[in-house]
Chemist: 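Handing you a structure now.
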Amino acid sequence: MSIAIKSNIKESLQRAFGVVLEMPWESVDPVVKKSQSPEHGDFQANGAMGLGKRNKLSPIDLAKRVLEVVDWGGVVDSAKVAGPGFINIKITNEAIIEQLDEMSLGDLGVEPDPDSHPVVIDLCGVNVAKQLHVGHLRSTIIGDTLARLHERFGRRVFRENHLGDWGLPIAMVLERLLSQNINLDTLSLDELNVAYKEAQLQARDDVRGLRSAEKLQSGPHRFVELEEQNSGAIDAQGKAKLVLNALQHGDSDLLNGWQKLIDCTMKSVFESLDLLHVKIGPEHSRGESFYGDLLGGVVSEFQENGLAEEDGGAIVIRFKNRERPMLIKKSDGGFLYATTDLAAIRFRTQELCADTVIYVVDARQRDHFKDLFDAARLIGWDKTPDGKDVDLVHIPFGSVLGDDKKPLKTRSGSNVTLQSLLEEAIKKGTDEVIKRSQNPKSPTHNMDEDALSAIGRQIGIGAIKYADLSSDLVRDYVFDMDRMVAFEGNTGPYIQYAAARISSLLQKGGGKQKEAPFVLGEPQERLLALQLLQYDSVLVDTVKNLEPHRLCTWLFELTEMFSSFYQSCPVLKADNPILINSRLRIAELTGRVITDGLDVLGIETPEQM
RNA sequence: GCGCGUGUAGCUCAAUUGGAUAGAGCAUCGGCCUUCGAAGCCGAGGGUUGGGGGUUCGAGUCCCUCCACGCGUGCCA
């Protein structure tokens, strides 16, 4: 793969630097990178500058001497010293073709990760009794993409949907529904949600508390349920606490009702998740209730190890380098959200034995996860039972904003439900597909309505997901449906479109060209080939940094290069059969890579659109 | 107050982790459908990278400082 070419170049240079500098070659880093622009060759080595300075040599002289002794092993066409000591390297077409061949015959150059420990990804974060809204969008699709990315390398992944399914808020809504004699079997999520809000209001006695609660935006449960924060409403809360207490002691009637609330919520949630084309189902639900019985043990484990202390009746964990402690037990004996997360991190690292635990949660939870991870390190849950170090990672993504640059809301000020958002995107996608199918020259011309709307869904959803994943995750972004579904430029549909053109081309061209020799005559062919060879290293780079936008940017570049190639290099109408077959095979490989890459992003690739 | 984050073209965003002339997409302007899908291609203009200092062969990137905005900050989740 490109890795092979790049690592060959790197090793050749290491040995050459080693000879010139009279030092062990393994310790030399020639800093080999892909060149930014073709005029600087295919690869460049920047190591001569730093090495020259450290060894009191002129970087340019050093680079020149290195080039005098280097043995490239046949992959390099030319190498020149430029500027202050860059080495610009152009590789031979033969080397590109050889790697391309290998990539095409194998698994696109992707090498499996041998790590057998599972990866845990905490994502989605549904709250029982609430619809999914735009706040859940990012956690869900980023998390699913990171899961797919690891799975692409053969890793085992646990998608953990850490449901907000336990605690006082749930007890409150259950208490209210029961006291109103509402039939839980026929309950809709809308009704449940209304009851939830009413229960919140009932439990709140001061207007200021209500206002401040309304100002809070929505998102995954772990940072949104502050609506409970209030000082009064003793009565309603008192009743709810009785219900909670009975629940915790296993009252079977109440547990039965509680389960119905969950079923009601999740039925609707899974409909939305299905539309979103993410692999999250009932088997991924492991909510707060799962950890309910473990909380007391977690607290005492910290206490027994001298890592937690009593303070004003509460139990806190203190950290050396900061004032803020982590509260893990309230003075009234209750446990907190942090306690549940500690139980979860223990389960994930000690029971599931994951060596990577990734929390895809809003950036506002930074402090919480810093505390959580430090606490886990204090007690040793940063190692698996078999002694492997665990990567504990928080992916702090930014908020979704409306065009007023404030957290996205409807005109009436309520939260935008995910379902309505998805439906709008699907409608736009479908309208566009139908419009284009009117054209008799379009391959979609004779398709029936169902087929067209299936494609419209893939396009609309793809547009939303690509828009979300294609920029740096930590930044807030403005949700602009029109821009996302504009389908031009750096968008999901632009990439899908290229793949659709490729499948048409292959259909007309009579199928795949498995063994056809590659010919790289035109510059567009060469550029496309070099880009294709980077697929594996881009995936590695993306998973290493957990930054899906790297893959997006690369796929967009690949698509641009293909479009440019396709414009200037006739395929089926090329001069001779060798060229035709070569270009068909390049197109086919490009199509496979686009489909594979989009799949990692959780985006479908329609055959026609 | 303290902590964290963000600031790049009119707008939305990149920048291979310190590399060469800061790149794309929208929008604007100009070309290309009588050859494989124009959701496309080719080209043009557009920048004091929030300001100021510093580190070095080299800084959007690292350090200091100031500014603007956002978020968080002990018994909520």
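Below, chains carry the letters A, B, ... as their sequence lines are ordered, and counting in each starts from 1. Fair warning: this is a prediction, and the values are worked out from it, not measured in the lab.
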Chemist: Does the structure show a Watson-Crick or G-U wobble partner for B:G3, both distances under 3.5 Å? Name it, or say none.
Modeler: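 B:C71 is the nucleotide pairing with B:G3.
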Chemist: Report the nucleotide, chosen from B:A14, B:C75, B:G40, that has the shortest atom-to-atom distance to any side-chain atom of A:Ser563.
Modeler: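 Nucleotide nearest to A:Ser563's side chain: B:G40.
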Chemist: How many whole angstroms separate atom CG of A:Leu336 from atom P of B:C75?
Modeler: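 Whole-Å distance recorded here is 9 Å.
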Chemist: Can you confirm whether or not the ring centre of A:Tyr497 sits under 6.0 Å from the ring centre of A:Phe487?
Modeler: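 They do not qualify: ring centres at least 6.0 Å apart.
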Chemist: Roughly how far apart are A:Met326 CE and A:Asp374 CG, rounded to 0.5 Å?
Modeler: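 The distance works out to 9.0 Å.
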Chemist: Between A:Arg322 and B:C4, does any side-chain N or O lie under 4.0 Å from OP1 or OP2?
Modeler: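 No, outside the criterion.
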Chemist: Scan A:Met326 against the nucleic acid and name what it touches under 4.0 Å (heavy atoms): base, sugar-phosphate only, or nothing.
Modeler: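 Touches nothing.
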Chemist: How many Å lie between OH on A:Tyr497 and C1' on B:G40, as a whole number?
Modeler: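 Going from OH in A:Tyr497 over to C1' in B:G40 covers 5 Å.
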Chemist: Go ahead and name the base partner of B:U48; Watson-Crick or wobble counts if both distances stay under 3.5 Å, otherwise write none.
Modeler: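 Partner of B:U48: none found under 3.5 Å.
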Chemist: Base of B:A24, side chain of A:Glu560 - is there a donor-acceptor contact under 3.5 Å?
Modeler: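 Check fails, no donor-acceptor contact within cut-off.
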Chemist: For A:Gly125, does its backbone N or O pair with a side-chain atom of A:His136 as donor and acceptor, under 3.5 Å?
Modeler: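 Yes, A:His136 side chain to A:Gly125 backbone: donor-acceptor pair under 3.5 Å.
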Chemist: Take atom C1' in B:U49 and the same atom in B:A44, then report the distance between them in whole Å.
Modeler: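 My reading of the C1' atoms in B:U49 and B:A44 gives 23 Å.
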Chemist: What is the distance from CG of A:Asp480 to C1' of B:U12, rounded to the nearest Å?
Modeler: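 Taking atom C1' of B:U12 as the reference, CG of A:Asp480 is at 9 Å.
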Chemist: Does A:Lys329 place a side-chain N or O at less than 4.0 Å from the phosphate oxygens OP1/OP2 of B:C75?
Modeler: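 Answer is no, no contact under 4.0 Å.
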Chemist: Return the nucleotide paired to B:G18: Watson-Crick means purine N1 to pyrimidine N3 with N6-O4 or O6-N4, wobble means G-U with N1-O2 and O6-N3, both under 3.5 Å.
Modeler: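 Checking every strand shown, B:G18 finds no partner, since no pair has both distances under 3.5 Å.
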Chemist: What distance, rounded to whole Å, do you find between the two C1' atoms, one in B:G60 and one in B:G47?
Modeler: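 It comes out at 12 Å once rounded to the nearest Å.
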Chemist: Starting at the 5' end of RNA chain B and moving along, which residue's nearest nucleotide shows up first, A:Ile87 or A:Ile502?
Modeler: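 Closer to the 5' end of RNA chain B: A:Ile87.
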Chemist: Write down the distance separating the P atoms in B:U65 and B:A27, rounded off to the nearest Å.
Modeler: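 Approximately 43 Å lies between the P atom of B:U65 and that of B:A27.
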Chemist: Side-chain donor or acceptor of A:Asp367 under 3.5 Å from a matching atom on the base of B:G3?
Modeler: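 No, no donor-acceptor pair under 3.5 Å.
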Chemist: Calculate the interatomic distance between A:Asp311 atom CG and B:G74 atom P; express it in whole Å.
Modeler: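 Rounding to the nearest Å, CG of A:Asp311 and P of B:G74 are 13 Å apart.
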Chemist: Taking the nucleotide of RNA chain B with the closest heavy atom to each, which residue, A:Phe565 or A:Glu323, is nearer the 5' end?
Modeler: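 Nearer the 5' end of the strand: A:Phe565.
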Chemist: Quick one: look up who B:G25 pairs with, Watson-Crick or G-U, both distances under 3.5 Å, and put none if it's unpaired.
Modeler: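 The answer is B:C11, by the H-bond criterion.
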Chemist: Distance check, P atoms only: B:C64 and B:A24, in whole angstrom units.
Modeler: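 Looking at atom P only, B:C64 and B:A24 are 34 Å apart.
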Chemist: Looking at A:Glu323, A:Glu309, A:Glu310, which hits salt bridge (charged side-chain N to carboxylate O under 4.0 Å, His left out) with A:Arg318?
Modeler: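 Testing A:Arg318 for a salt bridge (charged side-chain N to carboxylate O under 4.0 Å, His left out) against A:Glu323, A:Glu309, A:Glu310 leaves exactly one candidate, A:Glu309.
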Chemist: Using atom P of each nucleotide, how far apart are B:G40 and B:A77 to the nearest Å?
Modeler: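 B:G40 and B:A77 have their P atoms separated by 49 Å.
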Chemist: Expressed in whole Å, how much space separates the C1' atoms belonging to B:A20 and B:C11?
Modeler: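 Going atom to atom, C1' in each nucleotide, I get 29 Å.
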Chemist: Kindly confirm whether the side-chain ring of A:His549 is stacked on the base of B:A14, judged by centres under 5.5 Å and planes under 30°.
Modeler: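 No, the aromatic ring of A:His549 does not stack with the base.
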Chemist: Flag as yes if A:Tyr566 stacks onto the base of B:G40 (centroids under 5.5 Å, planes under 30°), otherwise no.
Modeler: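 A:Tyr566 vs B:G40: stacking no.
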Chemist: Going by distance alone, is a donor N or O of one side chain under 3.5 Å from an acceptor N or O of the other, for A:Ser568 and A:Gln524?
Modeler: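 Note: A:Ser568 and A:Gln524 side chains meet the donor-acceptor criterion.
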Chemist: Taking 4.0 angstrom as the limit, do A:Glu588 and A:Arg585 come out as a salt bridge?
Modeler: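 Salt bridge flag = no for A:Arg585 with A:Glu588.
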Chemist: Within less than 4.0 Å of OP1 or OP2 of B:U12, is there a side-chain N or O belonging to A:Lys405?
Modeler: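 Yes, A:Lys405 has a side-chain N/O under 4.0 Å of OP1/OP2 on B:U12.
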Chemist: What integer distance in Å separates A:Asp541:CG from B:A14:C1'?
Modeler: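 That distance rounds to 14 Å.
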Chemist: When rounded to the nearest Å, what value does the distance between C1' atoms of B:G52 and B:A15 take?
Modeler: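 Straight-line distance between the two C1' atoms is 24 Å.
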Chemist: For a quick check, tell me whether the side chain of A:Arg550 and the base of B:U17 share a donor-acceptor pair closer than 3.5 Å.
Modeler: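 For A:Arg550, whose side chain was compared with the base of B:U17, there is a donor-acceptor pair (under 3.5 Å).
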Chemist: OP1 or OP2 of B:C42 versus the side-chain N and O atoms of A:Ser568: is any pair under 4.0 Å?
Modeler: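 Answer is no, no contact under 4.0 Å.
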Chemist: Would you mind reporting whether A:Tyr359 and A:Ile395 have side-chain heavy atoms less than 4.5 Å apart?
Modeler: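 Contact flag for A:Ile395/A:Tyr359 side chains = no.
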Chemist: Rounding to the closest angstrom, what is the interatomic distance between B:C33 and B:A39 at atom P?
Modeler: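 Here B:C33 and B:A39 have their P atoms 15 Å from each other.
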Chemist: A:His368 has an atom NE2; how far is it from atom P of B:G5, in whole Å?
Modeler: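 These atoms are roughly 18 Å apart.
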Chemist: Can a side chain N or O of A:Tyr477 be found less than 4.0 Å away from OP1 or OP2 on B:U6?
Modeler: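 Answer no for this pair, as no side-chain N or O of A:Tyr477 is under 4.0 Å from OP1 or OP2.
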Chemist: Between A:Asp371 and A:Arg322, does at least one N-O distance fall below 4.0 Å, as a salt bridge requires?
Modeler: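 Looking at A:Arg322 together with A:Asp371, the answer is yes, because their closest N to O distance falls below 4.0 Å.
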Chemist: For the side chain of A:Asn545 and the base of B:U17, is some donor closer than 3.5 Å to an acceptor across the two?
Modeler: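 Between B:U17 and A:Asn545, which were checked side chain against base, a qualifying N/O pair under 3.5 Å is present.
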Chemist: Rounded to whole angstrom units, what separation is found between the CE atom of A:Met561 and the C1' atom of B:G25?
Modeler: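 So the CE-C1' distance, A:Met561 to B:G25, works out to 15 Å.
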Chemist: How many whole angstroms separate atom CH2 of A:Trp166 from atom P of B:A77?
Modeler: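 After rounding, the gap between these two atoms is 14 Å.
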Chemist: Does the structure show a Watson-Crick or G-U wobble partner for B:G40, both distances under 3.5 Å? Name it, or say none.
Modeler: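 Pairing partner, where one exists within any strand: B:C32.
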